[in-house]
Structure formats: structure tokens, C-alpha cells
Engineer: 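Below you'll find the structure I mean.
Every heavy atom of this structure was used, including side-chain atoms; hydrogens, water molecules and symmetry mates were not. Chain A is the first sequence line, chain B the second, and so forth, proteins listed ahead of strands; every chain is numbered from 1.
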Amino acid sequence: MGRGQRFGAFLSALVAFAVGVTVMLSLLLGDNPALFGNQPGSDELARRLALPADALLRLVAIFLALSIVIGIANLLFVHVSRLKSGKFYSAVLLASFGFTVFWYVTRQGDTSLLEAVQLPIESALAALLFVSLVHGGSRVMSKRGDLWGLLFVAVVVLVLLGSLPLAELAPLQAWSDWLMRIPVSAGARAMLLGIALGIVTAGLRALLGQDRSYRG
Amino acid sequence: MNEEFNWLEYSESVEETATEAEESSGRRGFRRFLPDRPKLPGLPGWAGLPRRPRLSRPRIPGLPGLPRLPRLGRGRGASESAQPSASDLLGGQANRPVEELDDRLRALRERSGVSAAPDPAPNQSLFDVDEVLVSPAFQRKPGGVISAVALSKAQQQQVEMLKDIVGGPLQSQAGNGGRLPRPASVFSLSAAPRLLGTALLVLMASLPFVSSDFAEGELPPADFHDDRHSATSFYNLLDNISGDDYVLVAFEYGPAAAGELDLLAELLLRHIFAQRARPLIVSSNPIAVVHARNIIRDINRSIPDADARLTADKDYYVLRYLPGGALGIRELSENFADVARVSARGQRTGLDFISLQDLKLAVLITENSEDLRHWAEQVLPKGRNLALLVATGYAAQPLAQVYADSLEKVFGPVYGIRDAYTYGEKLQANFSGLLPSPPKQALAVEPEPAPDALADGAASDIAPAPQVEPSREAESTTLALVATLPATATSQPTATTAPTDTPAPTATNTATPTATEATLLAVEITAPQRVNLRRRPTTVDDILALGYPGDLYEVLGANGDGSWYQIALSNGLDAWVAAFLVEERQVTASELAGGQANASASPQRERAVMRLGFNFRLGKNQPRYYQALTPETGDRPELALLRDRSLEIPRLQAMTLGTLAAVLVIVIGNLLVALRALLRRRSSSA
Amino acid sequence: MDETTLQVYSVLFVLATAVLVYTARFLQARRARRSRRAQRQIAGIDLIPGWAGQAIESGRPLHLAFGSAGVGEDNTAVALAGAEFFHHLIQRVGDGDVSPIMSTSAAATVPLAQDTLRRGWSRCGALTRAQWLPQGKRSIGYAAAVSCLIESERPSAHIFAGSFGPELALMIDSADRRGQGSLAVSDQLQGQAVAYAMADEALIGEELFAAAAYVAEAGEAPADAIVMDVWRALLIMGMSIVLLLEVARQLPWLSWQAVAVGSLLLLGLGLLVNRRR
């Protein structure tokens with residue numbers, strides 16, 4: 001790594017650290033006068049402490065809204081480069097991109113293209129998603145041919161049957177409800193807890209400048 | 001790095017150790033190559049990459065001792081492709097027709113001058129390493145691309161491999177002839193189960209739409225079940241809003257969940273519109289914003305009178321899209337005033353809120369639990385007066401139920417198509433009686449923000465000024481929210497029992513105080529602004545209603561030091577007001593009635609503001625049940641009623657039949673897999 | 001718990017985690033020199049070497065997908081963890097001829113993906129091999145675009161590590177039909193359920209954050225796995241103690257001292273058994 005790269009990495013790590021710590025402290029300490037003993041002036045202090053986080057997070061929101069430009073640039077770049085190898089669908093994509101931009105520019109505020117094309121297509125794909133899910137469910141045992149696969153299928157079937165409004169299946173409803181309320185809910189919470197731990201750890205690693213992207 | 005990709009080492013170690021390891025350790029397949037305790041960092045498997053993929057599935061980590069079912073057969077597809085031996089791969093590559101090869105491989109094959117057709121004669125196995133890697137054909141034909149560049153030793157080995165792949169006649173040991181799994185053609189036999197399953201699903205789900213002979217399953221109930229207090233409260237809270245109220249409605253679902261949530265979303269909007277309240281629609285999903293407009297457009301189409309149709313930025317507001325997911329929602333909670341100023345079309349809405357605390361109700365329609373988490377954890381704490389009503393799809397229901405059970409300000413969930421049907425039935429029942437009455441005069445709503453905010457601190461109990469002054473006369477609605485123990489929903493303004501957690505005065509059904517000519521002790525509100533009328537004599541308790549300067553209330557009592565008066569509200573409840581905001585007066589009953597009539601002239605006055613002392617209480621599942629005392633508040637009942645219901649029942653039946661079909665496909669598919677595995681096992685043992 | 005207490009606890013938690021991150025990193029650096037730390041096996045990770053080999057042999061790319069994990073959004077950490085995992089993975093397949101393809105539906109993740117690819121695959125192509133497929137969370141459009149990519153690029157296998165909803169089913173199904181392997185993990189519960197049911201192997205929940213430690217070369221692994229292990233152990237212990245105390249409260253004959261002694265004994269026994277093994 002050259003000296004310039006190393007300096008760049010150091011600088012980006014420093015910026016990340018400074019911004020991260022500022023936002024974190026501002027979020028944790030701001031807007032709560034009780035932290036400062038509810039004395040005169042603690043209101044103002046708490047309010048001021050909250051300001052940096054507000055300002056920086058607003059900046060992030062603006063950046064996120066603008067990041068779509070990066071995405072579009074990438075999309076165009078990828079598909080223009082694919083045009084060279086004669087990819088038909090890339091040509092279609094670029095053409096429809098141009099058409100949509102033209103449409104929107106000439107008829108400002110008109111979302112009928114979105115409503116007439118994107119929404120129906122996405123709805124149709126959502127219906128296909130159902131077929132994919134069922135098909136995947138029918139092949140669970142071929143992927144996981146063990147007790148856990150069997151258990152998975154049994155629970156899926158039980159919950160689906162329990163949700164049916166058929167009098168003959170009423171006894172299953174209690175089982176299905178119990179499954180959803182206790183084991184499924186417990187498992188979901190455990191998974192969310194694990195993910196939350198991971199998020200805190202990975203987030204802090206980035207905050208402390210330990211992330212790979214800062215190493216130049 | 002390069003040393004690790006040593007094919008020679010790999011192949012030899014595989015062959016030499018396989019049988020031995022398998023026998024000695026009892027471990028089969030892939031695992032036999034692993035040391036007893038896998039070490040970090042770096043999997044030992046990497047040391048020999050590329051290597052033979054595992055042959056059987058290792059046990060689920062962390063769950064030792066579970067019985068293993070007989071190994072079931074793998075279907076064609078990824079599970080199979082994940083497991084091919086390297087010889088399969090090589091054979092597959094060599095046998096692939098020229099037109100299927102990458103440009104690069106095709107060029108190489110052409111240069112090597114070897115026919116694409118496999119030579120049936122040799123019967124080499126991959127694990128005859130020497131023959132494979134030192135291919136005679138390759139040795140006779142050096143040069144080509146290889147001589148053009150300087151390659152490392154490891155790269156040379158790989159290039160040799162590549163030459164073998166495209167040029168060497170190889171035949172696999174594997175039963176499938178070593179071909180890579182190909183995508184199943186639509187007409188091939190292997191695609192048949194998928195086609196049959198899909199056909200069954202489509203058929204079963206479409207039957208109810210073409211014939212009424214397939215009416216399967218009971219219809220959902222016309223009211224929420226008794227034990228679903230929270231769902232009933234959802235309905236009642238929404239029923240308690242009235243003209244000029246703003247309701248925040250979050251559309252957090254995309255087209256994928258439209259089938260499940262559209263009906264519910266439409267009903268909720270209709271319920272809001274029917275009360276002349278105005279939804280503020282927000283979303284962190286740009287498509288959902290457009291979708292919400294579509295739903296309102298459909299509602300508008302159902303209104304026969306063109307003049308009575310709903311107008312954007314007047315009867316409803318579609319606010320700007322919130323980018324950044326959770327950040328967007330944070331923006332909403334922190335800077336609601338800014339968000340509310342701009343519509344989705346980029347125009348000014350004219351709304352001038354101060355903060356989320358100006359709102360009482362937020363309705364969240366979401367397909368997933370993450371959005372619910374963001375709303376419950378970010379938006380709710382910021383809107384101190386806010387109650388969150390949650391409508392979800394089936395998938396998010398379990399977690400939504402947990403939130404509704406554990407957070408006092410979260411109500412619901414109302415979920416899925418069946419609950420939507422029930423909600424529609426409730427709307428129908430409650431509003432159909434109101435339909436004959438002619439609609440009230442047209443809405444003349446010019447949001448007139450006059451937020452000269454006054455702190456609602458301990459020093460003063462003067463309420464913040466209203467964000468919108470009512471600009472129309474409406475029938476006197478005496479609304480109150482009463483926290484009660486579970487009771488059934490009723491359209492009668494029945495008496496309610498006091499909640500256990502608040503020693504609230506018992507609400508009685510004395511609609512108006514009896515008028516007599518005797519003089520009564522009353523108080524007149526002398527504060528310059530509206531004041532809070534509270535449940536108990538303390539500034540931190542719930543606000544039951546608002547009193548305005550000049551309003552008269554009968555005095556029922558006072559607290560010990562005389563700093564609070566207990567007063568009777570016109571709706572039969574009693575409340576407390578701070579003494580320094582009022583003056584005592586002796587009035588006759590008629591005077592009192594006049595003062596109260598004045599007080600209740602507008603629904604904006606003396607309306608419960610739903611500030612019910614919410615606290616976050618985790619783990620307490622005591623049901624709070626909100627009952628509408630006068631649910632018939634709809635000013636535009638036709639909006640709740642004039643909807644096309646022709647497809648509702650077929651949709652419910654389609655869902656039932658579709659679910660049945662899905663269960664069938666899942667059960668039969670898995671049974672077939674198991675059966676095939678057993679047959680294979682039998683034939684191999686034979 | 002009122003807001004102030006919650007904030008104080010949050011500060012303490014963050015500080016403790018920061019200390020742990022540094023300590024773990026320090027210990028790991030020392031251990032890497034002396035011995036290797038034992039780590040439980042994850043079936044999904046075991047598949048990757050085979051796929052990497054297959055990708056190299058057959059000259060097809062690996063497809064590495066972030067889904068909607070977006071830098072700057074609430075799942076930034078998921079995107080970073082995915083990038084770390086992919087970085088080590090790309091280094092492992094660095095000998096192949098075809099660079100992996102990375103896809104994301106969050107536009108802000110595109111630079112991260114390009115950077116990851118550039119660091120692991122310095123030769124060329126990072127700009128076009130990291131692709132943005134529109135758009136957003138639970139995007140069916142993204143799923144459809146990945147299905148097209150499966151058809152046109154014919155990846156040898158797919159590793160979905162990021163944020164996915166139920167639309168993951170469409171992608172895995174398409175990959176399945178093309179005979180391409182898949183490993184999936186999502187921070188969304190619905191996506192996780194689909195991953196478990198349909199992918200060849202699934203990582204569960206926080207395994208996404210530990211995955212990089214499994215794939216990395218010695219001394220390169222991030223310390224996340226260790227920090228998470230410590231926190232998880234503490235969390236489980238805390239929850240168990242609270243549960244036991246709650247049970248003890250219900251059973252009047254059982255004193256909290258007895259429960260405490262019992263818990264300590266159990267803990268000691270567990271440590272002993274673990275050490276023996």
C-alpha cells in the first residue's frame with residue numbers, strides 16, 4: 001500500500017470514527033434532560049446535544065435519496081457494456097429506460113406508466129412467488145432429508161391446515177395457534193436477538209475503524 | 001493462496017485417505033476429510049480447494065444425538081449440482097455440446113482440434129490422476145494460448161485442467177453420465193411435477209370465481225371474537241375519530257402483498273373518510289405511495305356524485321415518500337412538521353403541524369414485522385398522544401401480536417383477508433343505519449393552522465392550541481374513550497365499568513344532566529386558551545376532554561386543598577380541572593345547559609383526545625379495551641358502504657381452496673421424494 | 001425501565017462491546033500465531049469450497065448477492081458483514097478466470113460491492129460485475145432481474161448474504177431449475193424462512209456475521225464471531241437466571257439462594273464438561 005493510499009484509509013477511518021461517535025453520543029445523550037438532573041438549563045443542553053445527530057442523519061437521508069443516481073449510472077454502464085456482446089435484453093432495458101425518462105419529462109407528474117406497467121408486472125410476479133414457495137415447500141425433504149426437514153414440513157402443513165376455515169379442521173387450530181404463539185415466536189425472537197447482536201458488533205467494528213473498507 | 005489450490009494434493013489425499021478415514025472414524029463422505037475439531041480461522045476444507053464436494057450431508061451443528069432419517073434421494077437440481085464430484089464436472093464439460101460452451105471454452109476446444117463428441121472408448125476416472133492431468137492429447141499439442149502468457153506453476157496446472165476439460169475424452173464414473181444438470185425444458189418429464197402442481201394451484205384458486213358450487217369453508221365472523229380485545233379496540237379507536245381529525249396512515253407494503261392487504265387498506269381508508277377525517281398517507285416505499293393513490297381513486301370511482309368525490313390535499317394527503325427505510329421513518333418522527341408540508345407530487349399541502357404530538361392515531365398497514373418494529377420503537381415514543389393501530393399480513397401477525405400484547409399504545413393486529421372481511425362486516429353493520437340520513441353539508445376545510453403552542457407543563461394545564469379550528473357545524477358527538485375491562489363491542493352508549501388500573505370515576509350513561517331550576521355550583525373556564533379536563537386531579541393523568549373559555553360545568557366536588565374541581569361533562573363522564581383556570585359561579589340548570597350546549601356545539605370541543613396516560617409496559621398483558629360510546633358518528637356513511645363486494649366471498653373461498661391445494665402439493669411432493677429414496681435404497685441393496 | 005435508565009444501559013452496552021471488539025482482536029492476533037481456535041462447524045460454509053472449486057474449474061462466476069442490505073439504512077451492518085464475507089470468499093476464488101458477480105437492490109451499496117470486488121479481484125471488471133438491480137426492499141423486480149442474471153450469466157452457485165424477503169424464493173427457484181447451488185441467509189425473518197426451506201444450505205441469523213471468520217485465512221478473520229459469542233453467552237446466562245428466579249418465585253419452597261447456587265453449579269459443570277471434551 002502506498003503512502004497516499006494509507007493516508008486516505010486513515011482519513012476515511014478517522015471521519016467514520018468521528019461521525020459515528022458523534023451520532024452515537026448525540027442519540028444516546030440528547031433529548032433527555034433527566035440525564036442531567038433536570039436542572040435549569042438541562043433542557044437546553046439536552047436539545048443541543050441532540051442537534052448533531054439530527055443534522056448528520058438528515059444528511060444521510062439526503063445521500064440515500066441521491067444514491068439512486070449511482071444506481072442508475074451503474075445500470076447504464078453495465079448494460080451498455082453488455083450491448084457490445086449483443087445482449088438483446090440489455091438493448092430492451094436501455095430503450096425502455098430512455099422511453100420512461102422521455103415520458104416522465106414530457107408529462108410531468110404522470111404516473112400512469114408506473115401504474116399500467118410496473119404494478120401489474122410486479123403483481124403477476126408476486127403470484128408466481130406463491131407458486132415458487134409452494135414448489136419449494138414440496139421439495140423440502142429432498143434438500144433436508146432428516147428429522148428437521150420432516151419437522152419443518154409437518155409444521156408448515158399443520159399451520160396451513162389450522163388457518164383453514166373448515167369445521168373438520170377446527171381441532172388443528174389450537175395446535176396451529178400454539179405453534180405460532182410459542183415456538184415460532186420464541187425462535188423468531190431468538191433469531192432477531194442474534195441478528196441484533198451481530199448488527200451491534202459489526203456496526204461498532206465499522207465505527208472503530210476496524211472495518212476492511214477503511215484499510216485502503 | 002495459490003498453494004492452496006493444488007489439485008494434485010487434493011486428488012491424492014482424497015483417494016488415499018477416503019476409504020481409510022471412512023472406516024476408522026465412522027464418518028462418511030465429506031466429513032471424513034476434516035480433522036476431529038475444525039479449527040478457526042480458515043476451514044481445513046480450503047486447504048485442498050478445489051476438492052471433492054461432500055457426499056453426504058453433515059449433521060445439523062449443535063444438535064447431536066438426533067435420529068437421522070433414512071437419507072432421502074435428491075431431486076434433480078441445485079442439491080444435486082451442489083454435490084457433483086469433480087469427475088462429473090469434467091465429464092460434463094467434455095460432453096457438453098459446442099453451442100453450450102462459453103465463448104472462451106469454445107475457442108479453446110476449437111483450437112485443440114478435438115471433436116466435441118465424446119470418445120466412448122477410454123474409461124478414465126478422475127482419480128487416475130496421472131492420466132488425467134498429464135493428458136497425452138495435451139502433451140502432443142502444446143502452445144496455443146498457453147505459450148502466449150507467462151503463468152505461475154499453479155496457473156499452469158489450472159490451464160492444463162482446462163485443456164483436459166475441453167479436449168480430453170473423459171467419462172465419468174457417476175451414474176448420471178457426468179453431465180451437468182441441465183435446465184429442465186418445459187416439456188421434459190422432470191418438469192412435470194412442477195407443471196402439475198402449478199396447474200392444481202391455479203385451478204383450485206380459480207374455481208370459486210367461475211362457479212359458486214365450490215363454496216368451501218365458513219365465512220369469517222361478522223365481529224371480532226371476544227378474546228380479540230385489541231382488534232376490537234382497533235376498530236373502536238378508528239370509529240371515535242371525527243371531522244377535522246387527521247389520521248396518519250402508513251402504507252408499508254408493496255405489490256407482492258397487495259392481494260393480501262389491499263382490501264384491508266381500502267376498508268380502513270373508507271372508515272376514515274366516512275367520518276370526514278382526513279388520512280395523511282406516508283410510506284418509505286415509493287411504489288406504495290402510488291398504490292395508495294390508486295386505492296383512493298377506486299374509492300372515488302364508487303361515489304356516484306362527482307361533486308362529492310374526495311380531493312387530494314383537501315380530503316386526503318399523500319405525503320412525500322420517505323427515503324432510507326428506518327432513517328426515513330426517523331425523519332417522520334423527528335421532523336413530522338417538515339414531512340407533512342410537502343405532498344408526494346412535490347406540492348405544498350398547507351398542513352402546518354408542530355410535531356407528531358398533534359396526532360392521535362396512526363394506522364400502519366405493513367407486510368413485515370421490521371416496519372412494525374420501526375414504528376413502535378421510533379414513531380410511538382415521539383407521538384406522546386399517538387396510538388398505533390396495526391394491520392398486517394399473515395406473515396407478520398405473530399410478531400405484531402407480541403407488540404400489541406406488550407405495548408399499551410399498540411392495537412391490533414387486524415390481519416389478512418379474513419379479518420378484512422370481518423372489518424367490512426362491522427363497517428356495514430355500523431354505518432348502514434346512517435345511510436338514509438342525508439349527507440352533511442359539504443366539507444369546507446381549509447386547514448387553518450394556528451399553533452400558538454403553549455407548553456403543557458406542570459405549571460399550567462392549558463392545553464396546546466388546536467392545530468385546526470373546526471370550520472363546520474356538525475352534530476354534537478359526545479365521544480369518549482373509556483378504558484374498560486373486556487366487553488363486547490356495542491353500538492349502544494352503555495355504561496362501562498371502571499378499569500382496574502385506574503380509579504377512574506365510574507362512567508354512567510346520563511347523557512345530559514337533568515335540568516332543574518335550582519341553582520347549582522358550577523365553574524366557568526376563565527383561562528385564555530382551551531384547558532385540559534383530566535381523569536384525575538393531576539397534570540400527568542389522562543385528558544378526557546377539552547374545555548374552552550366560557551364553558552360551564554357543574555361542580556361535583558373538589559380535592560383536599562381545593563386546587564382541583566371535579567366537574568361533570570356533558571357526556572356523563574366526570575373530570576377534573578385545575579382551580580386556577582376556572583371561576584366558581586352559581587348558575588341555574590338552564591344556564592348550565594346553555595353553557596354546555598355551547599361547550600358541545602362542535603365535535604372539536606369536548607372530544608376525547610385519546611390522551612390516556614399511555615405508558616410502555618412490557619410483559620403486561622392486561623387487555624385494554626376501548627369502547628366507542630357513540631359509534632354512529634359517520635358523516636358520510638356512503639363512503640363506508642358503497643363498495644363492490646361481489647368478489648369478497650369468492651376471494652375467501654379461493655384462498656381456502658388455494659391453501660388446500662398448496663397443502664396437497666407440499667405433502668404429495670415430499671411423499672414422492674421419500675418414496676423415491678426408499679425405492680432407490682431397495683434397488684441398491686438388491 | 002424509564003428512558004434515562006435505558007440510555008445509560010445503552011451507553012454501557014456500547015462501551016462494553018467496544019472493549020470486547022478490541023480485546024478479541026488482540027487475543028485473536030496472539031492466538032493466530034500460536035494455535036487456532038476451535039469453532040463449531042457450519043454446514044452451509046462447508047459447501048463453499050466445493051462451489052469455489054467448481055466455479056474455477058468450469059469458468060463460471062459465483063453470484064454474491066446483498067439483496068436490499070443498504071449502506072446508510074438500518075441494515076448497514078448487514079451489508080458490511082456481507083461485504084466482509086464476500087471479500088474473503090473472493091480472495092479464495094481469486095485464481096479463477098471469471099470474476100464473481102455481485103448484485104444489490106440498494107443503490108448505496110453499489111460502491112461497497114465494487115470496492116469489495118476490486119480488493120479481492122484486482123484484475124478488472126469491478127465496475128460492471130457489481131450490479132444494481134432495481135430497487136429497494138423486498139423488491140420483486142430485483143428477484144426477476146436476478147432470475148435473468150441466472151439465465152444469462154449462468155453462475156456456478158449463488159450466495160445470498162444480506163437482506164431478503166420472501167422474493168428470495170423466486171431467485172432460489174430459478175437457480176434450482178438451472179442446477180445452480182445456493183446458500184442463503186437474511187436478516188428478515190421471512191427471507192430466513194425461505195432460505196431454510198429452499199436453499200441448499202442456509203446460515204441462520206447471526207451466522208451471517210460470523211461467516212467471514214470461517215472463510216478468512218488465518219489471522220485475517222474479523223473478531224466479530226468472538227465478540228458475539230461472549231455477548232450471546234452472557235445473554236443466555238442472564239435470561240436463564242431471570243427465568244430461574246421467576247420459577248423460584250412461583251415455588252415458595254425454592255429460595256433464590258438455592259437457585260443461585262444451582263445455577264453456579266450447572267455453569268461449573270458445563271465448563272468442566274466442555275473442557276474435558
Engineer: In plain terms, say whether B/Arg194 and C/Asp173 are close enough for a salt bridge, that is, a side-chain N and a carboxylate O under 4.0 Å apart.
Structural biologist: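 Answer for the salt bridge query: yes.
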
Engineer: How far does CG of C/Leu189 sit from CG of B/Leu399, to the nearest 0.5 angstrom?
Structural biologist: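 The CG atom of C/Leu189 sits 7.0 Å away from the CG atom of B/Leu399.
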
Engineer: Pick one of side chain, backbone, both or neither for C/Asp187, based on which atoms fall under 4.5 Å of a heavy atom in chain B.
Structural biologist: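 Just the backbone, heavy atoms under 4.5 Å.
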
Engineer: For C/Gln188, which atoms come within 4.5 Å of any heavy atom of chain B: side chain, backbone, both, or neither?
Structural biologist: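 Contact with chain B is through both the backbone and side chain of C/Gln188.
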
Engineer: Going from OG on C/Ser139 to CD1 on B/Ile287, what distance comes out if it is rounded to the nearest 0.5 angstrom?
Structural biologist: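 If I round to the nearest 0.5 Å, the distance is 7.0 Å.
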
Engineer: At what distance, to the nearest 0.5 angstrom, does CD of B/Glu370 lie from CG of C/Asn75?
Structural biologist: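 Going from CD on B/Glu370 over to CG on C/Asn75, the span is 9.0 Å.
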
